[in-house]
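Everything on this sheet refers to the single structure shown next.
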Protein chains: 4
Amino acid sequence: MSKSRVPGRPRSEKSREAILDAAFALLVERGWAGFALEAVAATAGAGKTTIYRWWKTKADLAVDAFFHATEEELRFPDTGTARGDFEAQIIELAALLTGARGRALAEMLGAARTDPSLGKALAERWLAPRRRWGYERMARAAASGELAPGVAPGPALALLYSPVYTPLLFGGETPGPEQIKAILDLACSAIFQGQAPQGSPDPTG
Amino acid sequence: MSKSRVPGRPRSEKSREAILDAAFALLVERGWAGFALEAVAATAGAGKTTIYRWWKTKADLAVDAFFHATEEELRFPDTGTARGDFEAQIIELAALLTGARGRALAEMLGAARTDPSLGKALAERWLAPRRRWGYERMARAAASGELAPGVAPGPALALLYSPVYTPLLFGGETPGPEQIKAILDLACSAIFQGQAPQGSPDPTG
Amino acid sequence: MSKSRVPGRPRSEKSREAILDAAFALLVERGWAGFALEAVAATAGAGKTTIYRWWKTKADLAVDAFFHATEEELRFPDTGTARGDFEAQIIELAALLTGARGRALAEMLGAARTDPSLGKALAERWLAPRRRWGYERMARAAASGELAPGVAPGPALALLYSPVYTPLLFGGETPGPEQIKAILDLACSAIFQGQAPQGSPDPTG
Amino acid sequence: MSKSRVPGRPRSEKSREAILDAAFALLVERGWAGFALEAVAATAGAGKTTIYRWWKTKADLAVDAFFHATEEELRFPDTGTARGDFEAQIIELAALLTGARGRALAEMLGAARTDPSLGKALAERWLAPRRRWGYERMARAAASGELAPGVAPGPALALLYSPVYTPLLFGGETPGPEQIKAILDLACSAIFQGQAPQGSPDPTG
DNA sequence: GACTAAACGAGACGGTACGTCATGTCTTGGG
DNA sequence: CCCAAGACATGACGTACCGTCTCGTTTAGTC
């Protein structure tokens, strides 16, 4: 069996990397608004044709470049309790959204309302996996009796994640870690059984 | 006590109205992305110069046009209790954000991350008054003992409003009224003293 | 009475000249094949929009630029006899077609077969007036009995002018003045009555 | 008597033919302007590499394809008299230049001014043999006393052939057979001794 | 009733980026 | 060593708005 089935010159991995790197750099430096394909092509030493060959839209490239550089940082934690897992993940998320990378993602999330292709790309690469994990973790929490009585997973997830995202819509003041912690504590007090996560994780009472 | 101090032709009120109307119509019809000043000028029968004379930026015009047509609908309610007031206001807000006008506002909020002038305009006209009212109402709630012990106003407001805004960042599915109600109930259960205002608030399943 | 009827900012004569000059320079320097509108716009310090506003096609601009710089040189002579007029005009024409300008015109004439807009522009600006003059002069020659018996104007004009144009189709060797003179003499001997125009310029051997 | 001297895979005759056929078809159908190597390769089922391996330039291929399909039609006639030979050849030439093939050749001749490789290829394949034959035939005519006194071969050939080529430079109206005949008669009356070959050549009006 | 001066409509201006196209070169695996 | 397939960098294309500019024309209040 041969290494490859298709005839013709194979895709240049070097070019792919150069494009993704240039795209990510430009995205972080100039934001989505200044994300010009012409500039990406120029600094990557690539032709625009090559970009359009592999990425259907500007949005696809931006999202791909963003996650090519970022994705591995976002792991779904496993602390033993649902509350611990959610808190850990949300704090990590808040950290990501703060800083240069966060600006880029925020701008893309914002522009997604206007650009459907961007919306679709982000939904696939960003939202869907996180939503999937959230619902699944919430189901496990329900099964193990960690949720307060009457708490449905949808509203619970909305309450947990929204406060991290909302600042992306408004001015610059992304909430700092203590603020995030305070909001999370308040949300968790409504969602989970018992007290704070560490120490006695499941103090029945 | 003359009619006017300044010499020269006075500003044309007719032109101002025509521009604001055309701008609002275009904004609602085409969204922020399709909001072209050239089109506004053309349908208003105005010159671009006139627009730039009175509005510093495209964003200023869009925001001004939006609130010129919308603002009066948004009143701050007075139901007697803090929980009632917040619930009423948030439900009204959610209703506004659903529909054509909502799309326009959502797109503007999203684009604000990219366009500083838009951000500034929206912060002044939209965010600031609501934030002011929210903090003030929260302070009165604290004074009257309506808040659960240990609840700070910042996190409480974040928890209440964020779930309404966050969907603007993601795909089309704005939460319906029941969903909003469910989320609100959950949030309020952490923030306010006592039970839900009407009937049996927490129908255990 | 006002100077102008139309409202709006008037066309910039400076810009028009700059564009025509840049276009002509580029055309002469690089030929039709290298005649890029982007380069014209850049060296003229003009926007591409401005060019497209005033010239429907690349061909229109090229032809306009060419004749803006060249036209005045081509006057229709008046020597007293038809043979003298045609000879003078054709020699002048041959001189024009030799040299840098000639190359540009030759390339345009050649490319006209491929590019209809170029063909149309050249037909209007180049061919039509010359054809008109040729037929009209030929008619006067017939009326004054200068033509040999049985000579129709169409074939006569074809015989006179074709030898100057045909070299444009083939390689570089444009015929020199003496060659042109020899061909002209041969053609004239078939077309016109009697001997050579002035004195005895052509000592028959 | 081995099958082949050179090592490696021998050139595919099948591929050569397919490429020439596809090239000619495309040339006739779309003209020189629409003659895209990519399309040739695609419809020939060949790789672009193969084309560039065997034909140095696009022009070489086009010219080769054109004459591969056309050349044999153009024979040099032998009617007994120089005038008869030239007339026959020029009329055949005019016929060739009218019609689909003619369009292709005309476009190539036109584009040759712009594309040196095309010029060179056409000069070699088209112009040179015809020029050679013309001068040689003219020399024989001179030797046999068929030329009018004082007629040099260069100007004579220019007068005979130019009127057929010149229309290629201008609009669509290629001259019809009678027009060609009339021009030829006029030219021949200056070049050749005695009267026209058939009938009454000079119908005085 | 003439003068002054700013606002007005219209639209031309220099730019920037868009997404598409064909060119001629290159890089594979297979024959 | 040839072949097909097709990816690659390049560079121009014609389009769409941007925010600025320059006109000649209103439309008032002041002299």
Side-chain angles (χ1 to χ4, degrees), chain A residues 2-12 14-16 34-39 41-42 44-54 56-58, chain B residues 2-12 14-16 34-39 41-42 44-54 56-58, chain C residues 2-12 14-16 34-39 41-42 44-54 56-58, chain D residues 4 6-12 14-15 34-39 41-42 44-54 56-58:
Chain A
S2 65
K3 293 180 197 166
S4 155
R5 290 279 55 185
V6 294
R9 176 175 178 173
R11 176 170 188 184
S12 158
K14 204 167 121 191
S15 174
R16 195 185 84 99
F35 183 68
L37 276 198
E38 303 221 317
K48 279 200 284 178
T49 321
T50 302
I51 296 180
Y52 281 108
R53 200 186 337 270
W54 299 111
K56 232 174 292 207
T57 63
K58 207 165 88 137
Chain B
S2 68
K3 292 177 194 167
S4 156
R5 283 288 47 183
V6 291
R9 177 175 178 174
R11 175 169 188 185
S12 157
K14 204 168 120 192
S15 175
R16 194 185 84 99
F35 183 69
L37 271 200
E38 306 222 317
K48 282 202 283 178
T49 322
T50 305
I51 297 181
Y52 280 106
R53 199 185 337 268
W54 300 112
K56 233 173 293 205
T57 65
K58 201 167 93 137
Chain C
S2 67
K3 291 183 197 166
S4 156
R5 291 277 52 187
V6 293
R9 178 175 177 174
R11 177 170 185 184
S12 158
K14 203 167 122 191
S15 175
R16 194 185 83 100
F35 183 69
L37 276 197
E38 301 220 318
K48 279 200 283 179
T49 322
T50 303
I51 296 181
Y52 282 106
R53 203 188 331 271
W54 299 110
K56 232 175 291 207
T57 64
K58 205 166 90 136
Chain D
S4 156
V6 292
R9 178 174 177 174
R11 176 168 185 185
S12 157
K14 204 167 119 190
S15 174
F35 182 69
L37 273 199
E38 211 121 344
K48 279 201 286 178
T49 324
T50 305
I51 296 179
Y52 279 107
R53 198 183 337 266
W54 300 110
K56 234 175 293 210
T57 65
K58 199 168 94 137

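Reminder, nothing fancy here: chain letters follow the sequence lines and each chain counts from 1. Values in this document were obtained by computation on a predicted structure and should not be read as measured data.
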Applying side chain to side chain contact (heavy atoms under 4.5 Å, CB included), can you list everything that pairs with [X], at least two apart in sequence or on another chain?
| X | value |
| --- | --- |
| B:T57 | B:A59, B:D60, B:S117 |
| B:A39 | B:L26, B:A36 |
| C:T49 | C:R53 |

Which whole-number value in Å describes the distance from [X] [atom1] to [N] [atom2]?
| X | N | atom1 | atom2 | answer |
| --- | --- | --- | --- | --- |
| A:K56 | E:dG19 | NZ | P | 14 Å |
| B:R16 | E:dC8 | CZ | C1' | 16 Å |
| C:R53 | F:dA16 | CZ | C1' | 12 Å |

Whichever of B:Y52 and D:S12 has the more 5' nearest nucleotide on DNA chain F, that residue is D:S12
Exam field: side chain D:K58 to backbone D:Y52, donor-acceptor pair closer than 3.5 Å: no
Between the base of E:dC26 and the side chain of A:R9, is there a donor and acceptor pair under 3.5 angstrom? yes
Can you check whether D:W54 has a side-chain N or O nearer than 4.0 Å to OP1 or OP2 of F:dC3? yes
With respect to the phosphate group of E:dG9, does any side-chain polar atom (N or O) of B:T50 fall under 4.0 Å of OP1 or OP2? yes
With sequence neighbours left out, write down each residue that passes salt bridge (charged side-chain N to carboxylate O under 4.0 Å, His left out) with A:R16, or none if nothing qualifies. A:E13
Using the salt bridge (charged side-chain N to carboxylate O under 4.0 Å, His left out) criterion, which residues pair with A:K48? Sequence neighbours excluded. A:E38
Grab the N/O contacts between the protein and nucleotides 15-17 of chain E below 3.5 Å, and write none if there aren't any.
unit_1, atom_1, unit_2, atom_2, d
E:dG15, O6, C:T49, OG1, 2.4

If you pin D:T57 and C:R11 to their nearest nucleotides in DNA chain E, which one's is more 5'? C:R11
